[in-house]
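Since the structure comes first, as structure tokens, the remarks are kept for the end.
Excluded from the calculations below are hydrogen atoms, water molecules and symmetry mates; all remaining heavy atoms, backbone and side chain alike, are included.
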Amino acid sequence: MMFKKYVKGNQDYTNYEELKDNFSIEIPENFNFAYDVVDEYAKTEPNRTALVWCDDNDEEITFSFLDLKRASDKTANFLLSQGIKKGDAVMLILRRRYEFWFFLLALHKIGAIAVPATNLLLKSDIEYRTNAAGIKMIVALEDKDLQHQIDSAMPNSPTVQTLVTTGHREGWISFADAYTEQPQEFQRPQGAEASSNDDIMLLYFTSGTSGYPKMVQHNFAYPLGHIVTAKYWQKVVDGGLHLTLAETGWAKAVWGKIYGQWLAGSAVFAYDMITFVPGRLLEKMEKYKVTTFCAPPTVYRYLVRQDFTKYNLSSLVHCTTAGEALNAEIFNKFYEKTGLKMQEGYGQTELTLTIGNFDGMEPKPGSMGKPAPGYNIDIIDSEGNTCAAGEVGEIVIRLDKGRPFGMFAGYYKDEQRTQEAFMDGLYHTGDMAYTDEDGYFWFVGRIDDMIKSAGFRISPFEVESTLMQHPAVLECAVTGVADDTRNQVVKATIVVAPGYEPSQHLSMELQEFAKTESALYKAPRLIEFVKELPKTISGKIRHVAIRNKDNQK
């Protein structure tokens with residue numbers, strides 16, 4: 001397991017407190033994941049499985065570390081032939097195609113900046129990103145709709161010099177054709193051309209639930225921060241096969257599809273699905289003997305509806321979840337069907353795993369867990385005071401004892417936002433939470449989304465979690481609506497589940513349900529049924545869009 005080279009002292013902690021107090025990473029000078037991990041595996045264990053890839057067309061390929069060393073070398077030579085050099089920004093829109101790993105590693109080798117993006121981007125999204133990041137090349141999968149959006153954006157994307165496709169398209173370079181012509185060896189750059197720990201390696205655009213997305217920059221030391229993510233939270237198995245469901249356009253992909261998993265000795269499973277079909281996913285997990293799995297609670301909500309007796313998931317030993325609070329009902333159903341207790345976690349694009357459930361901790365469904373090693377977490381009120389247990393405040397990271405492993409280097413070309421995030425020796429997450437008497441953290445919501453009604457501070461997230469327990473609710477968003485007497489009243493915007501119809505009777509039923517399942521003051525006074533909720537490209541609900549619409553009425 002490669003990670004042992006970078007961890008000081010003991011590596012096999014079974015007690016949370018011992019892990020939190022003693023874990024530390026040794027970051028070498030000029031660390032480069034592509035050379036120091038992938039190429040090192042290729043030298044010492046060339047046949048070790050790195051990536052198992054398949055798609056819905058029954059195509060499947062297994063890559064060893066030697067395969068990926070050679071593929072990334074050839075891809076690096078291709079990039080150089082197209083004028084890409086150290087510091088250049090290259091956008092990767094590859095869904096879950098295996099070429100994503102070729103290009104990501106190749107860009108690391110060159111010292112260029114990888115900018116992963118989702119294939120759901122439209123013309124305006126592409127224009128904004130290419131100009132904000134100074135994108136020099138776009139590499140995209142062969143998809144006519146996506147490529148049309150990219151072509152449409154090019155007249156307003158002056159920095160883009162080259163378009164590359166995994167297939168063929170007029171005016172684009174075919175990577176499939178050019179790849180075969182490239183030399184198989186690529187020499188590690190030296191001197192000024194070599195990457196350093198402080199160079200920008202990755203650039204991610206945040207979801208942008210309000211305003212334009214921010215550009216989060218990570219340096220070359222970032223992958224080492226995911227040792228905790230993979231080894232101690234996801235609990236990947238040395239020689240096992242880990243599946244994180246995220247598409248490669250999102251930061252969660254590098255949480256679960258490359259860095260920490262390979263450092264901890266696990267291979268990665270990539271299923272390039274076009275549409276999420278729960279039963280088909282379980283079939284793939286059975287066929288390829290997935291050992292560890294990570295997905296958002298929404299995915300588990302669909303999985304527990306399946307008949308698990310149809311699938312042999314005996315290879316599965318550990319499951320994790322993040323992105324939203326886990327409903328106790330889903331936790332219990334999954335435990336009943338698999339014997340596995342899901343472990344939740346919390347983090348941001350800006351960070352690695354920040355709060356999580358670890359060995360020696362009994363998971364509390366809905367709780368994020370406790371601070372990850374390297375993270376000095378606090379919850380503070382509006383005046384900067386530490387909140388008592390049960391008191392809601394902002395999650396902050398105290399930096400007086402040093403920055404956590406893998407923390408972002410700031411917002412790209414945005415000094416003002418960077419300074420706002422790092423005020424008073426703290427990193428402000430913008431997320432609200434509280435701790436219980438046992439020190440477990442419970443997510444409440446974004447600061448901007450909090451509702452103030454009749455003197456109460458109400459978490460939209462908490463009300464949403466309550467309403468989601470009702471079988472008639474498929475999706476919901478809770479917001480505050482201005483009110484002369486209460487300042488704000490709670491409103492729930494709801495998409496009903498199949499088999500139910502919006503009605504005044506259902507509205508009253510949901511209000512009564514909320515009153516019986518939570519405090520009376522949290523129950524929605526207003527309910528609106530809609531066909532769909534406004535969302536970001538990453539699928540996050542845009543509460544701000546609902547608030548703005550209500551304010552215009």
Side-chain angles (χ1 to χ4, degrees), residues 1-6 11 32-76 94-106 108-109 179 184 186 223-224 226-227 229-248 252-273 281-295 312-320:
M1 288 182 285
M2 195 71 68
F3 83 96
K4 292 184 176 181
K5 293 172 55 177
Y6 305 104
Q11 295 102 21
N32 186 302
F33 182 85
Y35 296 114
D36 299 325
V37 176
V38 176
D39 285 9
E40 188 63 24
Y41 269 131
K43 187 186 305 180
T44 60
E45 299 180 74
N47 296 321
R48 178 187 270 264
T49 299
L51 174 66
V52 177
W53 179 89
C54 69
D55 64 9
D56 285 327
N57 298 319
D58 295 326
E59 185 179 355
E60 57 182 4
I61 309 175
T62 296
F63 298 92
S64 68
F65 279 101
L66 180 58
D67 292 332
L68 288 184
K69 184 251 191 285
R70 290 170 174 168
S72 58
D73 278 355
K74 288 169 69 81
T75 306
L94 293 167
R95 202 173 56 222
R96 297 175 185 84
R97 288 285 309 178
Y98 55 79
E99 290 93 345
F100 173 80
W101 284 264
F102 294 7
F103 275 95
L104 188 67
L105 293 171
H108 293 351
K109 288 184 171 182
Y179 175 79
Q184 196 165 277
F186 183 84
L224 293 172
H226 281 302
I227 291 174
T229 307
K231 171 67 178 174
Y232 300 106
W233 178 56
Q234 294 171 343
K235 293 183 68 175
V236 300
V237 178
D238 185 19
L241 188 63
H242 177 78
L243 169 60
T244 283
L245 211 57
E247 186 240 295
T248 60
K252 195 66 183 293
V254 291
W255 280 45
K257 289 184 179 292
I258 182 166
Y259 299 134
Q261 293 69 39
W262 288 352
L263 280 160
S266 175
V268 168
F269 178 55
Y271 170 31
D272 187 26
M273 59 179 146
L281 174 63
L282 291 172
E283 288 174 1
K284 298 291 186 183
M285 293 172 69
E286 174 186 9
K287 177 181 177 180
Y288 293 96
K289 295 180 171 55
V290 169
T291 52
T292 50
F293 177 60
C294 185
N312 180 1
L313 299 179
S314 58
S315 60
L316 196 63
V317 298
H318 193 72
C319 292
T320 45

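The one candidate from N32, D39, T75 that meets the side chain to side chain donor-acceptor pair (under 3.5 Å) condition with K109 is D39. Checked against Y41 for a ring pair (Phe, Tyr, Trp, His ring centres under 6.0 Å), the options F65, Y35, F63 give a single hit: F65.
Side-chain atoms of E45 do not come within 3.5 Å of backbone N or O of E40 as any donor-acceptor pair. Distance alone, capped at 3.5 Å, places no donor-acceptor pair between the S266 side chain and the G239 backbone. W262 contributes no side-chain N or O that, together with a main-chain N or O of A267, makes up a donor-acceptor pair within less than 3.5 Å. Between the side chain of K235 and the main chain of A230, no donor-acceptor pair closer than 3.5 Å is present. Looking only at distances, no side-chain donor or acceptor of W101 sits under 3.5 Å from a matching main-chain atom of I258.
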Pair L68-R70, side-chain contact (heavy atoms from CB on, under 4.5 Å): steps then yes or no: CA-CA 5 Å; L68 288 184; R70 290 170 174 168; over 6 Å; no
Test side-chain contact (heavy atoms from CB on, under 4.5 Å) applied to F103 and S72, step by step: CA-CA 7 Å; F103 275 95; S72 58; over 6 Å; no
Working for side-chain contact (heavy atoms from CB on, under 4.5 Å), residues S315 and M285: CA-CA 9 Å; S315 60; M285 293 172 69; over 6 Å; no
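Here the shortest heavy-atom pairing between S314 and N312 reads OG-OD1, 2.8 Å. In this structure, D55 and D58 approach most closely via the heavy-atom pair OD1-N, 3.3 Å. What you find for A246 and A253 is that their closest heavy atoms are CB-N, 3.9 Å. Counting all heavy atoms, side chain and backbone alike, V236 lies closest to A264 at CG2-CB, 3.6 Å. A pairwise comparison of heavy atoms in D238 and G265 identifies OD1-O, 3.3 Å as the closest pair. A pairwise comparison of heavy atoms in L51 and A270 identifies CD1-CB, 4.0 Å as the closest pair.
Under the 4.5 Å side-chain criterion, counting only non-hydrogen atoms from C-beta, L281 is in contact with L243. Using a 4.5 Å heavy-atom cutoff, the side chains of T244 and V268 are not in contact. Counting heavy atoms from C-beta on, the side chains of L316 and T291 never come closer than 4.5 Å. In this structure, Q234 and F293 have side chains that are not in contact, with every pair of non-hydrogen atoms separated by 4.5 Å or more. By the 4.5 Å heavy-atom criterion applied to side chains, C54 and E59 are not counted as neighbours. For the pair L224/F33, no side-chain contact is recorded, criterion being any heavy-atom separation below 4.5 Å from C-beta on. A 4.5 Å side-chain heavy-atom check between D272 and D56 finds every atom pair outside the cut-off. A heavy-atom distance below 4.5 Å is found between the side chains of L245 and M273.
Distance check, rounded to the nearest 0.5 Å: CZ of F186 to NZ of K74 gives 14.0 Å. Atom OG1 in T248 sits 14.0 Å away from atom OH in Y98 (nearest 0.5 Å). Here D36 contributes atom CG and H108 contributes atom NE2; the two are 11.5 Å apart, rounded to the nearest 0.5 Å. Between the CD atom of Q261 and the CG atom of L241 there is a distance of 10.5 Å, given to the nearest 0.5 Å. Between K5 atom NZ and L263 atom CG the span is 9.5 Å, to the nearest 0.5 Å. Distance check: F269 CZ to T49 OG1 gives 13.0 Å after rounding to the nearest 0.5 Å.
In summary, the side chains of H318 and T292 do not present any donor paired with an acceptor at a separation below 3.5 Å, with no hydrogens or angles considered.
Remark: D73 engages K69 in a salt bridge, criterion side-chain N to carboxylate O under 4.0 Å. A salt bridge between K284 and E60 is absent, with no side-chain N of the basic residue lying under 4.0 Å from a carboxylate O of the acidic one.
In this view, E283 satisfies the side-chain hydrogen bond (donor to acceptor under 3.5 Å, both in side chains) rule with no residue, not counting sequence neighbours.
Within a 6.0 Å radius of NZ in K43, no more than 12 heavy atoms belonging to other residues, nucleotides or ligands are found.
F3 and Y259 have their aromatic ring centers separated by at least 6.0 angstrom. A centroid separation of 6.0 Å or more is found between the aromatic rings of W53 and Y271.
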